[in-house]
Amino acid sequence: MANDARPTTNDASAKLTIPFNHLGEVLYRDLEHRLAQHIREFLRSSYGVDLEKIVIEQPRVELGEYAMPLAFELAKKLRKAPRKIAEEIVSDIGSIDGFAKLEVAGAGYINARVDRTALAVALAKNDKPAVESSSGKVLVEHSSINPNKAAHIGHLRNAILGDTFVRLLQFAGRTVDVQNYIDNTGVQVADVVVGFLHLDKKSRAQIEELAGKPRFDYYCWDLYAKVSQWYEQSAENKKVRLQTLHEIEEGRNETAAVAELISTAVLRRHLETMDRLDIEYDFLPRESEILHLHFWDAAFEKLKEAGVLSFETEGKNKGCWVMRRAGTSGVARAPSPAGNEAETGAISSTVDQDPERVSEEDQKVIVRSNGTVGYVGKDIAFHMWKFGLLGRDFGYRKFYSYPNGHQCWISAEHGEPEHPHFGDVERTYNVIDARQSEAQNAVIEALRGLGHGEYADKLTHFSYEMVALTPRCAAELGYELSEDDKGRAYIEVSGRRGFGVKADDLLDALIAAAKQEVNSRHPELAESERQKISEQIAIGALRYFMLKYTKPSVIAFDFKDALSFEGETGPYAQYAVVRASNIFRKGGLDPNAFCRDVASNVSAEELTKFLGDNDLWELWLSASKTAYIIDQCIATTEPAYLAKHVFQLAQLFNTFYHRYPILSEADESRKRFLLATAAVVRRELTRALGVMGIQVPPVM
RNA sequence: GCGCCCGUAGCUCAGCCGGAUAGAGCAACGGAUUUCUAAUCCGUAGGUCGGAGGUUCGAAUCCUCCCGGGCGCGCCA
């Protein structure tokens, strides 16, 4: 799996490319860069040592803000006790701007203490994050749901991860194109077409009428499961499937028209479902256009020319164009540097005599012997288009206008003359589940084989694990489980079997559960207001739920956990912000003013005094980390770190809220300080939740 | 068979660039609020970090092997 290196914030390569935040304020992230750079230079000049990476940890707050165990590492090289080295470094390094001091602790830790007052003032003034000047455009492809049935919880994880990653990139100042690839000519659509035409025996007009109904995708969900059973009944039925698929790919016939009608209607439903979660797309490239605009033909020529594809004249893949499967590079893989003689020998003995020929089991068929191209081939062509390497473009048509005015475009054979420019991006992230990593690697290797290693390196498979149902959840939904399944930790969702939780159903259930709470807590509010708040809470719960697990973890879905609004949940964090807002509302004060004007509201001496309290300081410190955490999320393609951070900050705030009554505080300057604290945390929490796509209700 | 992922408290998960007492949430039990305060807070209990070796001053974290579970390896997409 594509696990990038850990955060690059203190890599040697990053020290010159990430400038200090000249226009904005110096926050936690910037201080870390500064510290790492200072240490690095000091070690070089004083010891002649060039450390590859300076490890910087985050210690308990009473020990400082940054902790460096580097003296332990240097002990070997310098043949001195770690404690001694640490002491030398601390006494010789001099002062670092923004830091109060360095200290030696334990057996040789070097702990750095920041200038708390300076960091707090910088944080308070940081009302909009400084925007990095971005180079090229970034493309994030996510969702990509087959347009033949309702979206389910697995698709929700994909879309929420993808949308959050888009927001993370935008926070960091990148320009992002959001694409949702639509496989509108594949077997899955064909199956539903077969269902309408051959099982339900519906006319085109009848289908058209059904497609206009509110939850047409639910109808397709059931039909798709029925068709799958129908295929099992006879070989004759399966032939219908092939015939139908063929007609759809061909285009310009009645079957293709029906398929277009169905897939477009389901696609609209998907967009509506995702819009409920504030997830929007810019462009919907469809497979039909990749076929009809002959993207493959252009790609095929270049791939042959570059020698990525070879034609098989014998064996099981006779008559096919094949490429080497990713990860099987017998010739290309150099023995590991540490590899011993025996290992090298073992490799050379398994390599084919003819180094050009790929052994049969390492072949991936790209073009079938009947001349048709498979999914991976089309994906290669598509990715050549993404990076501007294909020499062809889609036509573009307006497709969907969001209530907020945003326009979503779709691919077309003959597009509108005026349209925005998609493609030609500098970097691509594909949010696709882990089961497709081999196919994704094939695309990457094809780009490399074409001589475009620079793009291969900038194509990231944003891989995550699936959402499955716990046996208990499946039983609650009324599914019959085999004895085998009952013993499993989780059971995979299956559209083909109609087994799963639909996205809209889950959202409805969440809204209903939230509504019940809101009704009992705020009967004085208007119905429309209670509804709006319930939706915000439901979205908060759902998005947080999908983001709190790290990507490699399979989510074993359970209604009890997903419908929870307490503990480590989105509503917990939303509630913390609401509480902060309550203070200002009841006090008749403007929280933003308390951020902006902290320096005039609280004197530097007083600020320093109050921040000397570790509990209060910990809250400020955590609030100062938003940009730092977001950098980490992007570098590691892991949004879960932001979810963890939001929860931690909300938790610290709730403790603070409980411990310090603010409005009744008698000491005026202390009161102003506490208000500034609440205001800053409120702003940072709101900001971080916003990056997760979670809004905060006015009351809860 | 080959490849990738997972295995940490009763349950669900963090931690894994080696480092200072292994953390949360849920569940359980016991407490707190006429207040900006209960979608909350505080406390108690709960762990041979799947197992065995190895590297190291130091391993949940790195390496090897094993066990258990998941996923992928198609002229499907």
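A note on names: the letters A, B, ... follow the listed sequences, proteins ahead of strands, and every chain is numbered from 1.
Among the heavy atoms of the strands, none lies under 4.0 Å from A/F545. Contacts of A/R488 with the nucleic acid, taken as non-hydrogen atoms under 4.0 Å apart, involve only primed sugar atoms and P, OP1 or OP2. Heavy atoms of A/I366 sit nowhere under 4.0 angstrom from any nucleic acid atom. Residue A/P59 is in base contact, counting any heavy-atom pair closer than 4.0 Å across all strands shown. Contact annotation for A/A576: no contact, since no heavy-atom pair falls under 4.0 Å across all strands. Residue contacts shown for A/K671 are absent, as no nucleic acid heavy atom lies under 4.0 Å away. Within the 4.0 angstrom heavy-atom criterion, no nucleotide atom of any strand lies near A/E361. Residue A/V518 is classed as a base contact, given a heavy-atom separation below 4.0 Å to a base. Among the protein residues, A/Y549 comes within range of the sugar-phosphate backbone only, with heavy atoms under 4.0 Å from sugar or phosphate atoms but none that close to a base. Residue contacts for A/E287: at a heavy-atom cut-off of 4.0 Å it reaches the sugar-phosphate backbone alone, with no base atom in range.
A/K364 places its NZ atom 9 Å from the P atom of B/C76, with the value rounded to the nearest Å. Between A/E438 atom CD and B/C71 atom P there is a gap of 16 Å when expressed in whole angstrom units. Put simply, CG on A/D433 is 17 Å from P on B/G70, counting in whole angstrom units. To the nearest angstrom, P of B/A14 lies 13 Å from CG of A/D561. Going from atom OH of A/Y657 over to atom P of B/A38 covers 6 Å, rounded to whole Å. Atom CD in A/E103 sits about 18 Å away from atom P in B/A20, given to the nearest Å. Between A/K149 atom NZ and B/A77 atom C1' the separation is 11 Å, expressed in whole Å. We find that NE2 of A/H645 is positioned 15 Å from C1' of B/A14, with the value rounded to whole Å.
Residue A/R368 has its side chain nearest to B/C75 when only B/C75, B/A38, B/A39 are considered.
Taking the C1' atom of each, B/G15 and B/C49 are spaced 11 Å apart, rounded to whole Å. Taking atom P on both nucleotides, B/C13 is separated from B/C71 by 15 Å, rounded to a whole Å. Across B/U48 and B/A9, the matching P atoms stand 9 Å from one another, rounded to whole Å. Nucleotides B/A24 and B/A59 have their C1' atoms positioned 23 Å apart, rounded to a whole Å. Across B/A14 and B/A77, the matching P atoms stand 34 Å from one another, rounded to whole Å. Taking atom P in both B/A27 and B/C11, one finds a spacing of 16 Å when rounded to whole Å. Spacing between B/C5 and B/U40 at atom P, rounded to whole Å, works out to 37 Å. Straight-line distance between the P atoms of B/G47 and B/C42: roughly 23 Å, to the nearest whole Å.
Dashed line: the shortest gap from a side-chain N or O of A/K586 to OP1 or OP2 of B/U37 is under 4.0 Å. Taking side-chain N and O atoms only, A/R579 has no distance below 4.0 Å to OP1 or OP2 of B/U40.
Applying the Watson-Crick and G-U wobble criteria (two distances, each under 3.5 Å), B/G47 pairs with nothing in any strand. Figure legend. B/C73 is base-paired to B/G1; pairs are counted as Watson-Crick or G-U wobble with both atom distances under 3.5 Å.
Under 3.5 Å, the side chain of A/N111 and the base of B/A20 form at least one donor-acceptor pair of N or O atoms. Evaluation of atom-type donor-acceptor distances gives a pair under 3.5 Å for the side chain of A/S369 against the base of B/C75.
A cation-pi arrangement is present between A/K551 and A/F462 under the rule of less than 6.0 angstrom and at most 45 degrees off the ring axis. Figure legend: cation-pi geometry between A/R497 and A/F499, with NZ or CZ positioned under 6.0 Å from the six-membered ring centre and within 45° of its axis.
Between the side chain of A/S437 and the backbone N or O of A/A434 there is at least one donor-acceptor pair closer than 3.5 Å. Looking only at distances, a side-chain donor or acceptor of A/D558 sits under 3.5 Å from a matching main-chain atom of A/K560.
Screening A/E65, A/E103, A/E62 for a salt bridge (charged side-chain N to carboxylate O under 4.0 Å, His left out) involving A/R113 leaves a single residue, A/E103.
Relative orientation of the A/F557 and A/F559 rings is perpendicular, given thresholds of 30° and 60° on the angle between their planes. Ring pair A/F300/A/W321 is perpendicular by interplanar angle, where above 60° counts as perpendicular and below 30° as parallel.
Between A/I662 and A/M466, the one whose closest nucleotide on RNA chain B sits nearer the 5' end is A/I662.
In this structure, A/Y109 packs face-to-face on the six-membered ring of B/A20, meeting both the 5.5 Å centre cutoff and the 30° plane limit.
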